[in-house]
Amino acid sequence: MSIEQHGRGTGSAGAPTGVAEAEPPAPGGPAGGGRPSGVRRTPLPLALLRNSWRQLTSMRTALILLFLLALAAIPGSVLPQRNINIENVNRFAAEHPDLFPALDRLGGFDVYASPWFSAIYVLLFTSLVGCILPRLRDHLRALRAAPPPAPKRLDRLPRHAVLTDHDGDLARIAAALRGRRWRVAVRGDTVSAEKGYLKETGNLLFHLSLLGVLLGVGLGSWYGWHGNLLLVAGPENAYCNTLQQYAESELGHRVDAADLPPFCLELTDFTATFLPSGQPESFRAETIVEQGDRAPYRASFSVNDPLRLDGASVYLLGHGYAPILRYTDRNGVSQTSDEAFLSIDGNLTSEGVAAFPDVNLDPVTGARNPDLQVAFEGLYLPTAPDSPPFTRSMYPAERSPAVMLFAYRGNLGMDAGIPGSVYRLDQRQVSSGRLTQIGEGKLLRPGEKWTLDDGTSVEFLGTRQYVTISARYDPGERIVLISSALLLVGLMTSLFGRRRRVWFRLSPAPADTTTTGRSSLLEIGGLPRTEYAGFADEFDRLVAATRPDPATEEGTD
Amino acid sequence: MAALSDQLLVVAILCYLLAMICHAVEYAFGTRSVIGRAAARPERARVLVGAGVGAAGGTGPADEPGPVADTALPDTALSGSDASVPAGGSGPYRAVLAGRTAVALTGLAALVHLAVLVTRGIAAERMPWGNMYEYLLSVTFVGVVGWLVLLYRRPTLRHLGLFVALAMVLLLAVAGLLLYVPIVPLVPALDSYWFVVHVATIAVSSGILLLGAVPAVMYLIRHGHDQGKRSFPYSLGARVPAADTLERLTFRLHAFAFPIFTFAVMAGAVWAEAAWGRYWGWDPKEIWAFISWVVYAGYLHARATPSVKRPVATWIAVLGFLTMQMNLYGVNIFFEGLHSYGGLD
């Protein structure tokens, strides 16, 4: 996928050879004059292979692959993606039960890891390599080679000038050109000069950097890892970096759970400020970090300001409230829950469950009675409305906190070994009658207590803040960043660089034009090899610079 | 200050509207128009002026009655060439005047446009790029500045201003009527210095790419016209600059904007690393930026490949423009993603 690929066929015999290069032949046409036509017979499979390789590395194929890549990326924006938002994928599956399996089989929910997407970019990068390697070779050769000899007819070049009465000092011309950073070769009575090699250097750098980016992305997916979790404030909720702690995690192919760097994190405080409209204004999480041999230290982080640890960074993704509920059972034993309630809207209306599986134990044996387990499902409203319905918070900060609780008693179904959400009750237990609701819902303000029908009670003590965080490590990041910077440099030099050539040829002047005793006629030709509007001016300046006496120009163009 | 900004927006739209009208006048009566050329070639005036009356009636505003009155004559006059002489004397001159007025009005509109952004920024105490309304105002401002710079360097492109002014009026009206949101401070996720780097470069590159679509479409029209197509969009081709001029301009604008766009995406990736923990996560906005980047890369490659015909390459540029539009509007409206700062619910 490199620029002007078709020019390659002609120049491959050696250094690029002059004018013929300026207009590359049509694709599929006969290769330029330089090479004898390949009549040597090649076995069919080899020929087939070679032809398919040529096809693959042709510009047309590269362009088609580019468009396929763009096209293939679209479904990822239309369909929910597993690696971005698994909940949305599940919701889609529930809403479109007939469409989902077919789309899923096609990889519609893992577009960027799907075989077809991979196939496109692997082919594209193969095409790219197949294209730039020969160009790299040609360019390295061109960098070492002298500028090509002058073509026979300089007057056929896009720019042309003739100076009569020249003093014939080619060495001075060569020096003037070198002074302008042209690469110069003097051959007998001609001077060849070329400039703008940086353009191709930039072009190659750009394409090689793309490979670097791919390498970095690959390294990241092999050796990187990340885990997301919800961290409630308080020392008893501190977590250490082990795989089991994460609610959701992903290890790279070459990463083992034992490779995770050791650190522990405790959320001590979280502050969020809001505008009167409810829009968040600022967040800050205060933590105590334990890592390695260092004494535990305080550190704070925020959105846009992650916590950088050795071998991982911790990012703040979200926040919310965890109501503290104390349940006192029939035996007078109290237990406290500070389970996080997940926010469901911008005003942080939060829903969740406080489950107490180990309550109402047999006072003698201490055995658990599976029919006397208790759970509270509820809504937490940081700013509850003054009157019912108590279903929506009015503001995200805790101006008038209240929790709306629904009590359940019976078998919570936690022993069945079926994983369930910790933010919702197991609805199968409710519908089968093994878990029954006790009374109506009840709104509790902080410090308020609700006594249930069996004399047990629940008390709303207050809330703790929680944060959702992501701990991540991506070793490919630096490579991607460096490659991107090089990519940009290469892109700019290849777009704004201009390759051009000039030739000077001395010949004895016809006798009648000699007026000042100088006896040479200097013919100058210029060839911009890429679009370059300013070439005419540059050419004229060059001509002027090589002229010994500014009054002898005969004409340009 | 916020109210001032809103009022200035109305003024800016009015200025662009007036500029558009003046451009239309020049378009209809200038030297490149049918009437103008009829005036320049009196021997063909009869036929052409007759045909031009309809067009003049359609586009000529009421405040320029002179040429319309002149051109209404030939059908009854015995000699068309006699009747067109006054048109040749006053029409093009007035048209040029209208064109210059249009440019001056565009310049004035751009100043007011800038004032809208500055007052909005002062009122919000931040850079005015926090939501789709402000972003669109910024992108269009870059577009109009780019246009004025272009015009300064290539005055012959002036009559393209009709399309630029039309686009400005439409886009600002969309911004003011559909996307408007009251001023609020930035959400914490946007509170970063990368905000300035990323959004500024994205706005500049989008503005120039947006502008680049104008000569691209004009080129396709002109090219079709040169090929002998005379149906509706191609019929406009007679009045636009030479095909290769437009094509080169298209390429230069894109070649200029593409590295800026590339840098902007990279700056976004660096910011995303700090804000969301990953430099690239296939968020809908990122996906469409990727698509645009790939399409524009395809354009630059196609443009540099001699075997790909220039109209084909230019179509790719137009496709790139469409993907940019999708990213600007479509993604904010249809998809749910991390870049949801549009202020639309």
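Scope of the values below: all heavy atoms of this structure, side chains included, with no hydrogens, waters or symmetry mates. Chain A is the first sequence line, chain B the second, and so forth, proteins listed ahead of strands; every chain is numbered from 1.
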Asker: Given that the side chain runs from C-beta out, which part of A:N88 has a heavy atom under 4.5 Å from chain B: side chain, backbone, both or neither?
Answerer: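 When you check distances to chain B, only side chain atoms of A:N88 fall under 4.5 Å.
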Asker: Less than 4.5 Å to any heavy atom of chain A: does that hold for the side chain of B:E286, its backbone, both, or neither?
Answerer: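 Interface part for B:E286: neither.
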Asker: Relative to chain B, which of A:P80, A:P280, A:A72 shows the most heavy atom pairs under 4.5 Å?
Answerer: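 The option with the most such pairs is A:P280.
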Asker: Does the side chain of A:F535 come within less than 4.5 Å of A:R498's, by heavy atoms?
Answerer: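 Not in contact.
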Asker: Are B:H254 and B:H301 close enough that their ring centers fall under 6.0 Å?
Answerer: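 Judged by ring-centre distance (under 6.0 Å), B:H254 and B:H301 do not meet the cut-off.
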Asker: Report which part of B:F263 has an atom under 4.5 Å of a heavy atom belonging to chain A: side chain, backbone, both, or neither.
Answerer: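 For B:F263, heavy atoms of backbone and side chain both lie under 4.5 Å from chain A.
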Asker: Would you say the ring centroid of A:F109 lies under 6.0 angstrom from that of A:F92?
Answerer: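 Yes; A:F92 has its ring centre under 6.0 Å from that of A:F109.
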Asker: Counting only non-hydrogen atoms closer than 4.5 Å, does B:V270 touch chain A with its backbone (N, CA, C, O), its side chain (CB onward), both, or neither?
Answerer: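 Contact with chain A involves the side chain of B:V270 alone.
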Asker: Are the ring centres of B:W271 and B:Y279 closer than 6.0 Å?
Answerer: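 Distance test on ring centres: not under 6.0 Å, no.
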Asker: Under a 4.5 Å heavy-atom cut-off, does chain A meet the side chain of B:W288, its backbone, both or neither?
Answerer: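 The answer is the side chain of B:W288.
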Asker: Could you check, using the six-membered ring where one of them is a Trp, whether A:H226 and A:Y473 have ring centers closer than 6.0 angstrom?
Answerer: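 No, too far apart.
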Asker: Do you know which of B:V308, B:D283, B:T323, B:I316 has the most heavy-atom pairs with chain A at a distance under 4.5 angstrom?
Answerer: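 Most heavy-atom pairs within the cutoff with chain A belong to B:I316.
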Asker: Check whether A:E281 gets within reach of chain B through its side chain, its backbone, both or neither, counting any heavy atom under 4.5 Å.
Answerer: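 Interface part for A:E281: backbone (N, CA, C, O).
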Asker: For chain B, which candidate among A:L69, A:L488, A:V303, A:L316 shows the most heavy-atom pairs at distances under 4.5 Å?
Answerer: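 The answer is A:L488.
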Asker: Please look at A:S282 and chain B and tell me whether the side chain, the backbone, both or neither of the residue comes under 4.5 angstrom of a heavy atom of that chain.
Answerer: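 Just the backbone, heavy atoms under 4.5 Å.
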Asker: Run the ring-centre check on B:F290 versus B:W282 and record whether the distance is less than 6.0 Å.
Answerer: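 Under 6.0 Å, so yes.
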Asker: Does the separation of the ring centres of B:H223 and B:Y219 fall below 6.0 angstrom?
Answerer: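 Yes, close enough.
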Asker: Go through the atoms of A:V78 and report whether side chain, backbone, both or neither lie under 4.5 Å from a heavy atom of chain B.
Answerer: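 Contact with chain B involves both backbone and side-chain atoms of A:V78.
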Asker: Between B:R303 and B:E247, is there a salt bridge with N-O shorter than 4.0 Å?
Answerer: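 Salt bridge present between B:E247 and B:R303.
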Asker: Count the heavy atoms of every other residue, nucleotide or ligand shown that sit under 6.0 Å from CZ of B:F256, and state whether that count exceeds 12.
Answerer: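 Incorrect, the count does not exceed 12.
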Asker: Using a cut-off of under 4.5 Å on heavy-atom pairs, state which of B:A275, B:P284, B:S292 scores highest against chain A.
Answerer: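 Winner by heavy-atom pair count: B:A275.
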Asker: Using a 4.5 angstrom heavy-atom cutoff, name the option from A:L317, A:T273, A:V480, A:L481 with the most pairs to chain B.
Answerer: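 Highest number of pairs under 4.5 Å: A:V480.
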